[in-house]
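Reminder, nothing fancy here: chain letters follow the sequence lines and each chain counts from 1.
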Amino acid sequence: MIGPEAQALPTAIGTVVIGGGVVGACVAGFLADEGRDVLVVDDGRGAGSASNAGSLHVQMQSRFMRLYPENVPNMELQLPLYPKAVAFWRELASSLNADFDLKMTGGLMVAESQAQLDFLGLKAKRERRLGLDVEMLDRAGLDAIAPYFGPSIVGAELCVNEGKLNPLLCNAAIRKWILARGVVLAERVKVNAIARSGSGFTVATSRGSVIAGRVVLAAGSGTRELAAGLAPAITIPAVAEPLHMNITEATAPLIGHLVQHADRMITLKQFGTGQIVIGGGWPARQDKPGSHPEVELASLIANASLAQHIVPSIGPLRIIRTWAGVNTSVDGMGVLGAVPAIPGLFVAIPGDAGYTLGPLSARLVADVILGRKPGEDLQPFRPERFG
Amino acid sequence: MECGADRNEFFHLDFEGEAVQARAGETVAAALAAHGLRAFRTTRTGAERGLFCGMGVCQDCLVEIDGVPGRRACMISVDRPLTVRRQRHGQPLPATLEQRAPVTIDDLPVERPELLVIGAGPGGLRAAIAARRAGAEVLLLDERRAPGGQYFKPVAVAGDDVPPPDAQHREGLALVAEARAAGVVIRSGVTVWGAFTPLDFAALSAAGGHVRVLPKAVIVATGAYEKGWPVPGWTLPGVMTTGAAQTLWRTARRLPGQRVLIAGNGPLNLQLAAELYKGGADVVAVVEAARLPAFAISGLAAMAAASPALVAQGLAYHWRRLAGRIPMLHDRVVGAVEALASGLRVMIEPASGNGPAQAFECDIVCFGYGFEPSNELLRALGCRHDHDPLQQRLVTKRDGFGRTSVAGVFALGDCTGLGGARVAAADGFVAGLAAAASLGHAIAPALAREGRAAAADGERHRRFQRALWQVYAAPPPSMARVADATLICRCEEVSFGDARAAIAEGHVDIGAIKRATRIGMGTCQGRYCRPLLEALICQASGTAPDEFSGFAPRPPFRPISIRDLAGPDLAGISGQ
């Protein structure tokens, strides 16, 4: 027999982290770095569904601003964390001595009309006030740094802090790191109940019960149900956003930047493999919460067609694979830190751009668990804010 | 003539400055092969690749045609002069600023046939005929240039020196004519690349138009593709599947090369040897993994009882082999292939792996080591499958009428777990009637009688198949024998050693190993590495494969260009 699948779960452990995505894995790794014993439980595969896109977002995504205008103040509240989160990815790469295919190319949000340019201009002004390195480019300025856009693009907002990385390389390196630190990784194990017992918890799973001193909820949108099942019940209104993704075959370096659109759902980026990843928020279908999302024809057509509209020369390139990832959305902000009503319980949901914010969010929550003062004020992200 | 050219016409291909004569109707791959050109593309590491599957699956014959990259040489017919270049991995795209307005699914033309049949091989054709005769409106879509599938492989060229169609060709032409006469609408060159629940299909025609097909019921008859044989050198240009070589000869009357070694398991290899010998090739040897048929007398007897005609055909192939003094080696397999300055050296070793190897030199090696069902449409629709541990493949759950576990979805033939052309044809007729009946068409008594006869015929041929594979029983390939340096993933060039290391690191399912190693992430979409990796994982973990232990089926089931997806010439598909 091989692998974590076959291992018996420990009967007692210091910390159980629920969720083996980039956040849960990093929390576990940071705790294990300090000698703590940690069990990570995932009901699927670590980094299997959500940790899989690779954009390093910093500027506010127009998609979220359109979809959830009521969340914009919260997005602005968390915005200063984004460039720090990107910088933290770079630190992680160097501390793990790993190649993440991380490129700080900057990100472009393109506009096709004066109205869209005006919107970006206002957005840039506010982002600059919040410490982001952004500038507005007209078409000539755009052509000077990114000569691949279609004729209808009139300008763009450039955010220098943005970039991209290859999540497959990151996830593999993070997994290697935490296993080397002795983290126990239990995949395809479902948590059925979390009960408080003594000064800790009994976590009942599909492979038996584990007694734990601390529990970290890092299960993305699955955190909602886990938190609601606690006594007292904790409200974490995290929702799953099943999203459609496409990847092409390889071509020569063409699209250097992380590309988005001011008014349409698209992200375009090229990996070091030469493949172009096309995503940006088109929906996938999830028949019931927790089930594996399925790709939809409507999203595939619309997303590919929009990509070619924005960068016409990618037309001959073939899409070789699609998949559905799951993004987690709360209220425009992350949910990070201790739950005062239940000592020993922690939540780690990074926020709208979960992968970008993942390692830094994990670092902050790990610091709270370790009794250190986290490097950021976590007050806005406190888990009890939902009542 | 239905299938391609009807006159003796030639076109000039410019292959990187070299003039190649192509006959109208043949594929670019056939013309290049006949000209002795074997290397069509280079990989990320600079390795050369050429024609391998010959049926649009493996993506190793990619070339640039008239400036458009990513064209499969095995799927493009020559109908005018063409400029062809080898494709380099990751080559730059031609610059264009031709911008198209974005489209949505609502811009796609929609067709609503009563019954959609996918795949125009023997099974799909018979299913369409039966359903049409029972009164259903039938749309039959097929990926290839002409109906007939991988069994009939219709002749696509014409000319005084072109050998006329043989009996198998004529049977196919008659079946196609019967389908047309019955009123089946057949569209060739149309790839169904997406299947979405419930009964929602996306298709692309070779001419470039897209369509969404929303039938009331569907019959899936998508056939099979050939397995790889993972040995050192299995990716070299000149190494191709038995089916690829047979397609060159049967459709284009071209030889894959002069000196050919054919290795594998099963009667198709013998048929190819007979065909290529007749076509003028020097067949160096036929290497069969099974022991001498004398070890399986009872199987031979059962075959003769079930289908004397097929046994006679098999003997005819043997006679031709003997007449050509083509050696036949039993209980032997290919152990390695090496490139020589000119041609290939093939090492043949005992099937057990124990014993000395024997070297042969040739220009072409054909691998015919069995088939994998092309079941991605069925799996995407949610049809349930069992894993057959003996044959090591998925078998679609069906009742005696071809009904799958999903309402409105019927399936038959090799895509449901193999069985050959005769079984597919028989099951096709039964499923066609059942599908028509499910759509409310009354089946007249005479037609119902034909259906029962077809069902009996299917049973007879199933008996034949069971006996045949008793005769051809060969030990399953041992993964343990494959050296670490051998590639498991042709596309991403990942080795067995990398796969084993990922398993040893504790990765326990195929998706996790894919993400960790890139195995299965390439343009063939995991079709060749998947069975190998699944076997490695299952051997290491002591688990049995099941319908979920392979890669998840996700559209597009063939790589589709962004331009094709994006329109604007979304004019729908027209018949070819």
Inset, instruction - May I ask you to name which of B/Gly70, B/Ala516, B/Ala512 has the most heavy-atom pairs under 4.5 Å with chain A? - result: B/Gly70

Legend entry - Contacts of residues 375-384 of chain B with chain A (heavy atom under 4.5 Å): none

Inset, instruction - Please determine, by modelled atom types, if B/Thr197 and A/Arg285 share a side-chain donor-acceptor pair under 3.5 angstrom. - result: yes

Legend entry - Test item: B/Arg554 and A/Val295 side chains (from C-beta on) under 4.5 Å apart, heavy atoms: yes

Legend entry - Most chain A-contacting option - heavy-atom pairs closer than 4.5 Å, from B/Ile105, B/Ile562, B/Asp200: B/Ile562

Inset, instruction - Against chain B, label A/Ile278 side chain, backbone, both or neither, depending on which of its atoms sit under 4.5 Å from a heavy atom there. - result: side chain

Inset, instruction - Below 4.5 Å from any heavy atom of chain B, which atoms of A/Gln275 appear? Answer side chain, backbone, both or neither. - result: side chain

Legend entry - With sequence neighbours excluded, residues passing salt bridge (Lys or Arg N to Asp or Glu O under 4.0 Å) with A/Glu112: A/Arg264

Legend entry - Winner by heavy-atom pair count (cut-off under 4.5 Å) against chain A, out of B/Gly511, B/Cys524, B/Pro559, B/Ala552: B/Pro559

Inset, instruction - Can you see which heavy atom on A/Ser152 is nearest to which on B/Gln99, and at what distance? - result: OG-NE2, 2.7 Å

Legend entry - Per-residue contacts, residues 490-502 of chain B versus chain A, heavy atoms under 4.5 Å: none

Legend entry - A/Thr322 vs B/Pro556 side-chain heavy atoms within contact, under 4.5 Å: yes

Inset, instruction - For the residue pair A/Ile320 and B/Gln59, establish whether any side-chain heavy-atom pair is separated by less than 4.5 Å. - result: no

For residues 298-308 of chain A, tabulate all N or O donor-acceptor pairs below 3.5 Å that involve a side-chain atom, not counting sequence neighbours.
residue  : atom : partner  : partner atom : Å
A/Ser299 : OG   : A/Pro283 : O            : 2.6
A/Ser305 : OG   : B/Val103 : N            : 2.6
A/Ser305 : OG   : B/Val103 : O            : 3.3

Inset, instruction - State, yes or no, whether a side-chain contact exists between A/Arg318 and B/Thr523 at a heavy-atom distance under 4.5 Å. - result: yes

